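Shown next, in structure tokens, is the structure this report addresses.
Predicted model, so just to flag it, every value in this text is computed and none were measured.
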There are 2 protein chains.
Amino acid sequence: MGKILVIDDEPQIRRFLRIGLTAKAYDVLEANTGVAGLELSALESPRLVILDLGLPDMDGIEVLKSLREFYHGPVIILSVRNREQEKVAALDAGANDFVVKPFGINELLARIRVLLRAGSDAPSVFAEYDDGVIQLNVLQRKLVVNGRPVHLSRKEFDLLKLLMEYQDRVLTQQQILDRLWGKTHVQDTHYLRILVGKLRAKLGDEASAPRFIETEPGVGYRFLSNRNEP
Amino acid sequence: MGKILVIDDEPQIRRFLRIGLTAKAYDVLEANTGVAGLELSALESPRLVILDLGLPDMDGIEVLKSLREFYHGPVIILSVRNREQEKVAALDAGANDFVVKPFGINELLARIRVLLRAGSDAPSVFAEYDDGVIQLNVLQRKLVVNGRPVHLSRKEFDLLKLLMEYQDRVLTQQQILDRLWGKTHVQDTHYLRILVGKLRAKLGDEASAPRFIETEPGVGYRFLSNRNEP
DNA sequence: TGAATGTGTAAAGAAACCGTAAATTCGGGG
DNA sequence: CCCCGAATTTACGGTTTCTTTACACATTCA
């Protein structure tokens, strides 16, 4: 049926979930800390993640945000607290659902079915990119080009990651601006041109004969995956 | 921001939702019975539906099932009852979320954002065209004719995509002009002729013996799908 | 036949768009 | 508080794309 990752520090909750999930033929992976959970997600590409907000090693929302750097599958949040503020924060940070403990296993299973039903067919994990020429590590936010490490600023990195994630597809200027600057700046296309310029310079790319980032005039940019060159 | 339909018989709940939703710039439609709600959904194609299970005229689950016969957007269920059985039934009948009354407006708004966010990158109706001779990839914005990549400008691409989308059917000049230039330019048919000319040139087509784009004099243009040629 | 209308190319002009450089402001760390 | 890298703003030259203008040709219909 698919792998489901449970990130929770309470053994009895994990047991409760393990029993309920395996009964429905899901494969259950378990982690008892945020760090272990993040590692497992990147490694195993689970179909869905269940994340308890009350972890001992990291703040739950931080785990979620880190997870969303590379994991795009559905995430269900568990919490003992029923504060609206916390729900809104988690949902806006990228969670797909929020379930307050205690909860019935059947409700949780139904919510899982809803999310898997709607699931996309795109790969759920984008943790690294590597064709012989250019390597990007999303977790460490590090880039290597032709064997040389290249330092990127925050926005430069986010832009490159976004383009690589949708390689060969054109991302419109509006899509990029929305993602990097927020909806309030979707018309400040000038920011974007400058950022692309800086990124190209660091990649050793040139606009007139692009090997990495290609301009689609009036539309947006695309990252090229097929490089045919010396 | 998009139309949201509220199906609820209690005026105070509708008012509560109307205020909260319009404050976030959603357009709110309202229905106080199941029948009225189904009619409005079919008529208005809202971006999202909020459905109360306790309606006077029909059983809530039945409304949901009927709705799902034709409506595929997100549906949030409201209910005063907190029985697990009911939640499971609703979620399995096609609901995307289930919120128990009383609830905070901010949580509901956050859950709405989650559902609208998920549906935003839904697969486009028309993503690709390919007969042995000509291939168009909409997401990559790439065109290949007889194995050779051909670059199209923005308007050229939009025009070709539109024609291919309605292959073998005639699109009137007005329809095309409206779609590409907006209603203010529906009479500037010169634009269109020039654009068609450029597109034909890039496709290797000629107006007198069209293989791809055929002129329907006095009416418009059509893209030919059945090519019988050497 | 000949005006009127519709269509197809070509080329010039205008506008929008892109890329780079450099100056200025912002913000976090020491 | 100062410093440095990052982010934003300003300025400008070059290019593509879009729009406008011009004209030849075909078809229709009076």
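With distances taken from any side-chain atom of B/Y221 to the nucleotides D/dT8, C/dG8, D/dT17, the minimum falls on C/dG8. When the nucleotides D/dT19, C/dT7, C/dG8 are ranked by their closest atom to the side chain of B/P217, C/dT7 comes out on top. Candidate nucleotides D/dA6, D/dT17, C/dT20 were compared by shortest atom distance to the side chain of B/S153, and D/dT17 ranks first. Of the listed nucleotides (C/dT9, D/dT17, C/dC18), C/dC18 has the atom at the smallest distance from the side chain of A/Q173. Checking C/dA10, C/dC18, D/dT8 against the side-chain heavy atoms of B/I194 singles out C/dA10 as nearest. Relative to the side chain of B/Y191, the nucleotides D/dT8, D/dT20, D/dT17 differ in distance, and D/dT20 lies closest.
At the phosphate of C/dG19, OP1 or OP2 sits under 4.0 Å from a side-chain N or O atom of A/R200. Close to D/dG5, at under 4.0 Å from its OP1 or OP2, lies no side-chain N or O of A/H151.
Atom NZ of A/K155 is separated from atom P of D/dT9 by 11 Å (rounded to the nearest Å). Distance B/R193 CZ to D/dA26 P: 16 Å, rounded to the nearest Å. One can place CD of A/E214 at 16 Å from C1' of C/dG19, the figure rounded to the nearest angstrom. Between the C1' atom of D/dT20 and the CH2 atom of B/W181 lies a distance of 13 Å, rounded to the nearest Å. The CD-C1' distance, from A/E216 to D/dT15, rounds to 15 Å in whole Å. Between the P atom of C/dT5 and the CD atom of B/Q187 lies a distance of 15 Å, rounded to the nearest Å. Protein atom CD of B/E206 is 9 Å distant from nucleotide atom P of C/dT9, rounded to whole Å. In this entry the distance linking CG of A/L203 with P of C/dG19 reads 14 Å, nearest Å.
Looking at heavy-atom distances under 4.0 Å, A/T215 makes contact with sugar-phosphate atoms alone, never a base.
Between A/R68 and A/G73, the shortest heavy-atom distance links the atoms NH1-O, 2.9 Å. A/P46 approaches A/L40 most closely through the heavy-atom pair CD-O, 4.5 Å.
With 3.5 Å as the limit, one finds no donor-acceptor pair spanning the side chains of A/Y166 and A/D168.
Of the residues A/K202, A/R200, A/K198, the one that meets the salt bridge (charged side-chain N to carboxylate O under 4.0 Å, His left out) test with A/E156 is A/K202.
Because its NZ or CZ atom is both nearer than 6.0 Å to the ring centre of B/F157 and within 45° of the ring axis, B/R141 counts as a cation-pi partner of that residue.
On a pure distance criterion of 3.5 Å, a polar donor-acceptor pair joins the side chain of A/H190 and the base of D/dT10.
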